[in-house]
2 protein chains.
Amino acid sequence: MKFKTFKGQIGFSKEDIYRELFKENQARIRIKKEKTAIKNLARIFDATLSISNDKGFSAMSLRDLSSETGLSMGALYSYISSKDDLLEMLFQQGRIVVFRALVKQISGIDSPRDRLRMAIQTHLYLSEIMQPWFYFLYMETKNFRKEEHKKAIESELFTENIFQEIIEQGISTGQFRPVDVALTSAIIKAMLQDWYLKRWKYERRTVSVEDYAGFLMEVLGSYLHLENT
Amino acid sequence: MKFKTFKGQIGFSKEDIYRELFKENQARIRIKKEKTAIKNLARIFDATLSISNDKGFSAMSLRDLSSETGLSMGALYSYISSKDDLLEMLFQQGRIVVFRALVKQISGIDSPRDRLRMAIQTHLYLSEIMQPWFYFLYMETKNFRKEEHKKAIESELFTENIFQEIIEQGISTGQFRPVDVALTSAIIKAMLQDWYLKRWKYERRTVSVEDYAGFLMEVLGSYLHLENT
DNA sequence: AAGCATAAAACGAACGCTCGCTCTATTTTA
DNA sequence: TAAAATAGAGCGAGCGTTCGTTTTATGCTT
């Protein structure tokens, strides 16, 4: 699958994300009109991601956020009820979006090799489109309330599980060598994460997301495949 | 090489690190007696790593640090001249230690395959011993002064370069397939970093650092090696 | 060995400032 | 013209940092 194709069939826009966020959290958002809410929520969340990914969420002050969004402190607090609340909404919405997109794409494919490719492409392409979200979720998890760490761990293990199942399937059908499933999934996850954590490096070297996906499949193919099939 | 062997020949202790740090920064440290300085610098830096790796350097207050170390605010400021200064010393010393250990180990080996194994083991073993330092350097780089980002990038590319050279050598002698050198080094780096970034995961699964090193060599071996040699 | 003088180290209250957050007045929208 | 949205001064808490003081260690004299 090409990146362009993926982009076309992703099925949600930035506006959709913020519309959903607005409707889900109408209790704590004091703004009534959807159109106004979406417009400014987008400004607030985009600015939060931008500032936080530059210097960290806890180093971002709400005055930073106010000047970046062009909203006053008072206005800001009509959209969020606290700074912690902003963090919570980011995590919640981020995880929902990622989860939904991942599950949707890899269902309905049979061949382990094709499923593996599709899972890798989906992860990479989604992280390409939503790089600030992915980066934020990765780097700021520790700032979140300790009780919520479980969710972060679950989420890490969930995506790893997708790969575990695919590899197990491949091994049981004889298409893959009998490798260490847990370790293999772990390094796949690590390589996928490198794409959004070290964007600057790949950008500088003009490696496209398709190049990177192809390269990962090469590496994994040579490791997983039986010598002569 | 076994992890135990590496540990034995590493050639410096925790005390050595703090002694060097003391001597290098005697200008900004107001403490005179080496013994006292080393003892408390160790307390301060260990506590900083511990608190920061839990909730982030910028979320750590000096009062946190004071109560964790058992030193008063005033005493703290006899050892550091500012919070930024503490960050700077951590980065400086961290990079020196890592750099020195890496360069030392991989010199004097000829075979590309052995050099690759040695480089991987050295990285992993060192990050196993100094996990809090590695984790800190990775996660807190963005909090550092922007001018210092160059150093962080250099340091990332430096370790990648070690692998690039090894792989290029292997290709030119015909022992490795002609793969994409830059991308291959990049994913090696990513897999090495996963070891100290996701310690909890590997601990939980009781994967030892030797297991992990062996696994990486397996994966890379199958990718780099000519089909029939 | 004890007493004493001085240097070294530790203490912690206090300072100025910025933080997250609130509240009332004002402007914009429909 | 009433409701919705924004503005921004102001609040107390907590931040990094300083500094006058107290405690501890060291070396010298008797």
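The sequence lines fix the lettering, A, B, ..., with proteins before strands; numbering per chain opens at 1. Because the structure is a prediction, the values reported are computed rather than measured.
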Exercise. Which heavy-atom pair separates A:Thr159 from A:Phe163 by the least distance, and what is that distance?
Worked result: O-CD1, 3.3 Å
Exercise. If you take all heavy atoms of A:Thr69 and A:Arg43, which pair is closest and at what distance?
Worked result: O-NH1, 2.6 Å
Problem set entry | Pair A:Tyr18, A:Asp46: side-chain N/O donor-acceptor within cut-off below 3.5 Å | yes
Problem set entry | Salt bridge A:Lys150-A:Glu154, side-chain N to carboxylate O under 4.0 Å | no
For this session: Under 4.0 Å between any heavy atoms, over every strand shown, what does A:Ser78 touch: base, sugar-phosphate, or nothing? Just pick one.
Result: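 Base, at least one base heavy atom under 4.0 Å.
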For this session: Using a heavy-atom cut-off of under 4.0 Å over every strand shown, decide if B:Ile31 touches base, sugar-phosphate, or nothing.
Result: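 Counting heavy atoms under 4.0 Å across all strands, the contact made by B:Ile31 is with sugar-phosphate only.
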Problem set entry | D:dT6 OP1/OP2 closer than 4.0 Å to side-chain N/O of A:Tyr77 |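 For A:Tyr77, the contact criterion (side-chain N or O under 4.0 Å from OP1 or OP2 of D:dT6) is not met.
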Exercise. For B:Lys33 and C:dA8, is the shortest distance between a side-chain N/O and OP1 or OP2 below 4.0 Å?
Worked result: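 False: B:Lys33 side-chain N/O out of range (4.0 Å or more) of C:dA8 OP1/OP2.
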Can you tell me the distance, in whole Å, between the [atom1] atom of [X] and the [atom2] atom of [N]?
X: A:Asn40; N: C:dT28; atom1: CG; atom2: P; result: 15 Å
X: B:Lys35; N: C:dA8; atom1: NZ; atom2: P; result: 17 Å
X: B:Lys83; N: D:dC15; atom1: NZ; atom2: P; result: 9 Å
X: A:Leu65; N: D:dG8; atom1: CG; atom2: P; result: 16 Å
X: B:Ile29; N: C:dA9; atom1: CD1; atom2: C1'; result: 14 Å
X: B:Leu62; N: D:dT18; atom1: CG; atom2: P; result: 11 Å
X: A:Ile80; N: C:dC21; atom1: CD1; atom2: C1'; result: 10 Å
X: B:Asn143; N: D:dG16; atom1: CG; atom2: P; result: 13 Å

For this session: Let me see the working for A:Phe45 and A:Ile17 under side-chain contact (heavy atoms from CB on, under 4.5 Å), right down to the final yes or no.
Result: CA-CA 11 Å; A:Phe45 279 78; A:Ile17 294 177; over 6 Å; no
In terms of side-chain heavy atoms of [X], which of [options] is nearest?
X: B:Met73; options: D:dC15, D:dT6, C:dA13; result: C:dA13
X: B:Ser72; options: C:dA30, C:dC11, D:dG8; result: C:dC11
X: A:Leu71; options: D:dA4, D:dG16, D:dT6; result: D:dT6

For this session: Could you pick out which residue, A:Ser58 or B:Arg30, lies toward the 5' side of DNA chain C when each is mapped onto its nearest nucleotide?
Result: B:Arg30
For this session: Between A:Thr36 and B:Ser61, name the one whose nearest nucleotide on DNA chain D is closer to the 5' end.
Result: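 Mapping each residue to its closest nucleotide by heavy atoms, the 5'-most match is A:Thr36.
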Problem set entry | Side-chain donor/acceptor of B:Arg63 to base of D:dG16, under 3.5 Å |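 Yes, a donor-acceptor pair under 3.5 Å.
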